[in-house]
Amino acid sequence: MGRLLFFAAVLLAASPAHAAGREEVVFWHFWGGRDRPVVEEIVRRFNRSQPRYRVRAVAMPGNNLDLKFFLSVAGGDPPDVMNQDDAIVADWAHRGALTPLDELAGEAETAELRGWLFPAARRLATYRGRLYALPNGLDIRALYYNRTWLDELGIAPPRTLAELDRLAEAVAPPGVERLDRVGFLPNPKRLWAWGVVFGGRFYDPQAKTAAGAITADSPANLAALEWMASYSRRYGADRVAAFRTGDQAVTGTAFPLLAGRRYAAIMDGQWRVRDITQATAAARAAGKPIDTYGVAPLPPPPGGRQNAGWVNGNFFVVPRGARQPAGAWAFMRFWSGLGHEAEAARACAAGGWMPVSQRVVEQPAFQEFLVGNPLMRPFVELAASENQLPRPPLPVASFYDRELSAAAQDVMYRGAEPAERLRRAADRVRRQLRAVE
């Protein structure tokens, strides 16, 4: 009975497209919770905007989206378009599972798209010189800080790495008896960002061999990891690990910066602006004291990169074998904003998302959003920087991510020697890359 009801629902959902003579575009996405109504409204606006296609959105939140995708491809029944936020572009393109955008849009429109996208968005979508994805939102990391707390301490927001270190020691001096609050604490999962800030890269596209392109153990990346490990030496590796573990127990999924002055400064993404806005409104309604917050670029060391860091985001891909690639491309353009900048600005403002093009940023709807959400403005400025780099465009990007995070955790939490542990991680990634090339 349950299966009959399911198939009846699918037929009912599809029937308006056929009744109106439209071609159906099946769209898989991962959004749920407070974002899902925004996604559904974008789909409705697209369907109303033109008479040829009707998108049917299928929400697939949770795990194993990759597995479901490849099963659908293998079974000859893939979606027409899917939205993703994992570093899968190079891997799936390498396997031949994705349709390059020049096959969807043609060379002229693809060239237009390259110039239209922010550099970070263009890098997210590219594998071996071809665009395989169309980003619709960027995730940028920056330094959030508690402005009220810093003012009480008489400390200016940090603009250099040395200033960030001084903030950390002002809040939690070395040898502090209890580590229950910190000025700042590096996250081992964010070596991707700090390596770039220190002037490093994790991939050399000019290398003669693919394996030689792995530069995780470069001097700049090593310097970043050694700096991160200095916090473990200052406070003790066990105490740093326990403090990080305690974040989940104390805050759950909430933003740790808002948890009773647990952090004076923390790295995180633009989606936390919404958390700050909601927490501030709740405190004001309850008549409680309200701290104010600020956002700054990740502070570099001498010789490091300004406005730098690690970027990822959401993007559309069209699988090989999609029945309606033209309709998929039309929908992708509409949401991302290529030729539909005003629509994309509305979408980004509604979801609190980061545009992928300066032309979307300039639209009145998004400018109005920035007036009401001024903490978003630094993220928008960072999105346009040439120094925002994604994970390397390699078919082993996910493996690389796991190895790099494991190396940083071993150094920060278990006292491993940084140079040796980073070299071992780089060697493992090189071997894995040789195996798949």
With no hydrogens and no angle check, is any side-chain donor or acceptor of [X] less than 3.5 Å from a backbone partner on [Y]?
{"X": "Tyr235", "Y": "Ala172", "answer": "yes"}
{"X": "Gln367", "Y": "Val361", "answer": "yes"}
{"X": "Asn387", "Y": "Gln306", "answer": "yes"}
{"X": "His94", "Y": "Val436", "answer": "yes"}
{"X": "Tyr400", "Y": "Phe202", "answer": "yes"}
{"X": "Gln363", "Y": "Arg359", "answer": "yes"}

Contacts table for residues 308-318: side-chain donor-acceptor under 3.5 angstrom, sequence neighbours left out:
residue, atom, partner, partner atom, Å
Asn312, OD1, Arg141, NH1, 2.5
Asn312, OD1, Arg141, NH2, 3.3

- Is the shortest side-chain N to carboxylate O distance from Asp217 to Arg423 below 4.0 Å?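 Not counted as a salt bridge, because no side-chain N and carboxylate O are separated by less than 4.0 Å.
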- Salt-bridge criterion met for Arg166 and Glu169 (N-O under 4.0 Å):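 Looking at Glu169 together with Arg166, the answer is no, because their closest N to O distance does not fall below 4.0 Å.
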- Message: Parallel, tilted or perpendicular: which one describes the rings of Trp335 and Phe331, with boundaries at 30° and 60°?
- Response: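 Trp335 and Phe331: perpendicular rings.
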- From CA spacing to verdict: side-chain hydrogen bond (donor to acceptor under 3.5 Å, both in side chains), Asp139, Gln270: CA-CA 7 Å; Asp139 287 337; Gln270 81 283 340; 3.0 Å; yes
- Message: Tell me which pairs pass ring-ring contact (aromatic ring centres under 6.0 Å, His included) where either residue lies in residues 136-168, with sequence neighbours left out.
- Response: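 Passing the test, one end in residues 136-168: Tyr144-Phe255, Tyr144-Phe379.
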[Y] side chain reached by [X] side chain, heavy atoms, under 4.5 Å:
{"X": "Asp35", "Y": "Trp271", "answer": "no"}
{"X": "Pro418", "Y": "Leu222", "answer": "yes"}
{"X": "Arg377", "Y": "Val273", "answer": "no"}
{"X": "Gln409", "Y": "Arg414", "answer": "yes"}
{"X": "Pro395", "Y": "Leu433", "answer": "yes"}
{"X": "Glu41", "Y": "Pro37", "answer": "no"}

- Examine Phe69 together with Trp92 and report whether their ring centres are nearer than 6.0 Å.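 Close enough - the centres of the two rings lie under 6.0 Å apart.
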- Query: Strictly under 6.0 Å, is that where the ring centroids of Phe369 and Phe366 end up?
  - Reply: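 Distance test on ring centres: under 6.0 Å, yes.
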With no hydrogens and no angle check, just 3.5 Å: does a side-chain donor-acceptor pair link [X] and [Y]?
{"X": "Asp291", "Y": "Asn146", "value": "yes"}
{"X": "Trp116", "Y": "Glu341", "value": "yes"}
{"X": "Ser398", "Y": "Asp401", "value": "no"}
{"X": "Gln84", "Y": "Asp66", "value": "yes"}

Gap separating the [atom1] atom of [X] from the [atom2] atom of [Y], nearest 0.5 angstrom:
{"X": "Gln432", "Y": "Glu403", "atom1": "CD", "atom2": "CD", "result": "8.5 Å"}
{"X": "Arg130", "Y": "Leu101", "atom1": "CZ", "atom2": "CG", "result": "9.5 Å"}
{"X": "Ile214", "Y": "Arg434", "atom1": "CD1", "atom2": "CZ", "result": "9.5 Å"}
{"X": "Leu124", "Y": "Asp85", "atom1": "CG", "atom2": "CG", "result": "11.0 Å"}
{"X": "Arg233", "Y": "Met228", "atom1": "CZ", "atom2": "CE", "result": "12.0 Å"}
{"X": "Arg272", "Y": "Ile266", "atom1": "CZ", "atom2": "CD1", "result": "8.0 Å"}

- Query: Where do Trp227 and Asp165 land on the side-chain hydrogen bond (donor to acceptor under 3.5 Å, both in side chains) test, with the steps shown first?
  - Reply: CA-CA 10 Å; Trp227 168 75; Asp165 289 340; 3.0 Å; yes
- Please walk me through it: do Arg305 and Phe198 pass side chain to side chain contact (heavy atoms under 4.5 Å, CB included)? CA-CA 6 Å; Arg305 291 193 182 98; Phe198 270 68; over 6 Å; no
- Query: Considering the options Phe27, Trp329, Trp28, which one meets the side-chain contact (heavy atoms from CB on, under 4.5 Å) requirement together with Val81?
  - Reply: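 Testing each of Phe27, Trp329, Trp28 against Val81, the sole residue satisfying side-chain contact (heavy atoms from CB on, under 4.5 Å) is Phe27.
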